[in-house]
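Quick note on labels: first sequence line is chain A, next is B, and so on, each numbered from 1. Only this structure's heavy atoms are used, side chains among them; waters, hydrogens and symmetry mates stay out.
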Protein chains: 2
Amino acid sequence: MARKQPVVSRTRDSRAGKSSVHAQLANEIGLRIVRGDYPPGSILPNEAQWSETFNASRSAVREAIKMLMAKSLLASRPKIGSRVEPRERWNLLDRDVLAWYASSPDREAFLKAVQEFRHIIEPEAAALAATRRTDEQMDEISRACREMGAAVTLEERTGADTRFHLAILRASGNDLLVPLGVLIESAFSHLFLYVTREGDDLDAAQKLHESIERNIRLVRPEAARRAVRKLLANTDKVVERGPE
Amino acid sequence: MARKQPVVSRTRDSRAGKSSVHAQLANEIGLRIVRGDYPPGSILPNEAQWSETFNASRSAVREAIKMLMAKSLLASRPKIGSRVEPRERWNLLDRDVLAWYASSPDREAFLKAVQEFRHIIEPEAAALAATRRTDEQMDEISRACREMGAAVTLEERTGADTRFHLAILRASGNDLLVPLGVLIESAFSHLFLYVTREGDDLDAAQKLHESIERNIRLVRPEAARRAVRKLLANTDKVVERGPE
DNA sequence: GTCGCCCTTTTGTCAGATGATTGCGCTGCG
DNA sequence: CGCAGCGCAATCATCTGACAAAAGGGCGAC
């Protein structure tokens, strides 16, 4: 048994950092599923095979598989094994699944889907926020907006931008909108590469953000909705013209 | 040790059916978290305590906890234990979390949030479906609509109704909309109790559904959007007047 | 009083054994 | 020759027990 040697594959994988074994396994297996290595309906290798592949114990494999089961990526039954669930059962709005999904096919198509999704929810979220926000929530929004303007590095700016949009979702007063924040985070982390091209784009975007902030502050739902639409149209142009 | 006795608590819990131990544990612990027994930031009992509480092995407890970690309900670290994550990290759009959430506080508020959410996404989904649907997807929509009309029991009708709305989401051509189907399913399964009051309500609702079907079939996105809005307004009235 | 070390607690990981479930092939009968 | 029933075996499900690693808290030295 090669079990006694200092584990090859995991040592290689551990470039990811210090995450635990079951997390690494879940990540690796989940990625392979979403990537399409095992199409929906097919049977995965059994637990023993996985544990041999990764030089991990069967317990660790099982815990990883349970995590994927919790995300509805697969279901397992005795004697059968683990079967990949049909795609429409996958919880694509889960942070991890989204990350796997984003990294597998072409970024472009993924970004377009996310962007379209933002068009659906963000204008309404802003309109709701305009009428339902608390003062604390307004503070959060305003602060993020200010920090966006004051940011010097692109990273700082993107961070503040993300916080701005998440704060609006939270202020919408609908708990179900909050989890959609992962989409926005994902969008921004991928959009990151697109907007290096500085210039008046940034100024224009900042003005648009300030307009949203103002309309939410002054309780003007309709105007807030329109302002968000305008901002998204602006972002659309960035997505369309492609990465740097 | 009472470990040798024929397990009391799990035997009682097993009225749920034949689900596996880890699933039962995840369900029970998840419910308690969402219900608020352990507020965000607090530390859960350790694995040994859980395993004693439920007369299950630590492995089973760990697998259950891994499932809850996958849903971002908690995070665990050595020596600390398992800490409940802040609510905004919870994946409320997960099927299980949604079910726990729906059963904990008052149904009413939950239903309102879901209904509001439907107002945001379903009109747009229908509009997208009108322009992007494939013929097969259109068949699915039409069939569900027909089956709704032909249904005799309330259960059949609700089932067809659900399929109708899910089919529209699928036909929207945006993968990210599909997972939101769990919201609709949840809404219908809870709305179930509200609409026993039969009458012309059903006829009116059926006509509204047929109108949506027609507008999607004839590629009229604007009209489809309006039709869905009308149907949702109708459902709103049902929700407002409360359960039977 | 403060800094740093040790120690205990809790999760993380592993190995091995047994039980439960069920698809599949085999065998025997019609 | 076909079919039905049965047993086998593969696979997950569960349990047990042990050790490693991390990290907060307490204790001692200075």
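- Ring-plane geometry between A:His190 and A:Phe110 is classed as perpendicular, the angle between the planes exceeding 60 degrees on a 0 to 90 degree scale with a lower cut at 30.
- Of the candidate nucleotides C:dC14, D:dC15, C:dT11, C:dT11 has the atom nearest to the side chain of B:Arg62.
- Atoms CG (B:Asn46) and P (D:dG24) sit 17 Å apart, rounded to a whole Å.
- Under a 3.5 Å cut-off, the side chain of A:Gln24 and the backbone N or O of A:Ser19 do form a donor-acceptor pair.
- Following rounding to the nearest Å, A:Phe54 (CZ) and C:dC14 (C1') show an atom-to-atom distance of 17 Å.
- Here D:dT11 presents its P atom at 16 Å from CG of A:Leu74, a figure rounded to the nearest Å.
- Counting to the nearest Å, the P atom of C:dT11 and the CD1 atom of B:Ile65 are 7 Å from each other.
- In this structure, the CZ atom of A:Arg83 is 19 Å from the P atom of C:dT21, given to the nearest Å.
- Side-chain atoms of A:Thr53 come within 3.5 Å of backbone atoms of A:Gln49 as a donor-acceptor pair (strictly under, hydrogens ignored).
- Checking B:Gln49 against A:Pro78, the closest nucleotide of DNA chain C that is more toward the 5' end is the one next to B:Gln49.
- Relative to the side chain of A:Arg58, the nucleotides C:dT11, C:dA17, C:dC14 differ in distance, and C:dA17 lies closest.
- Phosphate proximity of D:dA13 to A:Lys79: absent, as no side-chain N or O sits under 4.0 Å from OP1 or OP2.
- DNA chain D is contacted by both A:Ser59 and A:Arg77; A:Arg77 maps to the nucleotide lying nearer its 5′ end (nearest heavy atom per residue).
- By the 4.0 Å N-to-carboxylate-O rule, B:Glu116 lies too far from B:Lys112 to be salt-bridged with it.
- Distance CE (A:Met67) to P (C:dG12): 10 Å, rounded to an integer number of Å.
- Picking from D:dG24, C:dG12, D:dA13 the nucleotide with the shortest atom distance to the side chain of B:Ile80 gives D:dG24.
- Of the residues listed (A:Glu156, A:Glu147, A:Glu185), the one engaging A:Arg163 in a salt bridge (Lys or Arg N to Asp or Glu O under 4.0 Å) is A:Glu147, and it is the only one.
- Rounded to whole Å, atom P of D:dA13 lies 6 Å from atom CE of A:Met69.
- For the pair B:Glu47 CD and D:dC15 P, the interatomic distance rounds to 14 Å; values are reported in whole Å.
- Rounded to 10 degrees, the angle between the two end axes of the helix from C:dG1-D:dC30 to C:dG30-D:dC1 is 10°, with five pairs used at each end.
- Considering only the side chain of B:Glu63, D:dT14 comes nearest among D:dC15, C:dC14, D:dT14.
- Considering A:Glu140, A:Glu136, A:Gln137 in turn, A:Glu140 is the only one that fulfils the side chain to side chain donor-acceptor pair (under 3.5 Å) rule with A:Arg170.
- Using a 4.0 Å cut-off, no side-chain N or O of B:His22 falls inside it from OP1 or OP2 of D:dA13.
- Annotation: side chain of B:Tyr38 is not in contact with side chain of B:Ile43 (no heavy-atom distance under 4.5 Å).
- Residue A:Ser76 places at least one side-chain N or O under 4.0 Å from the OP1 or OP2 atom of D:dA13.
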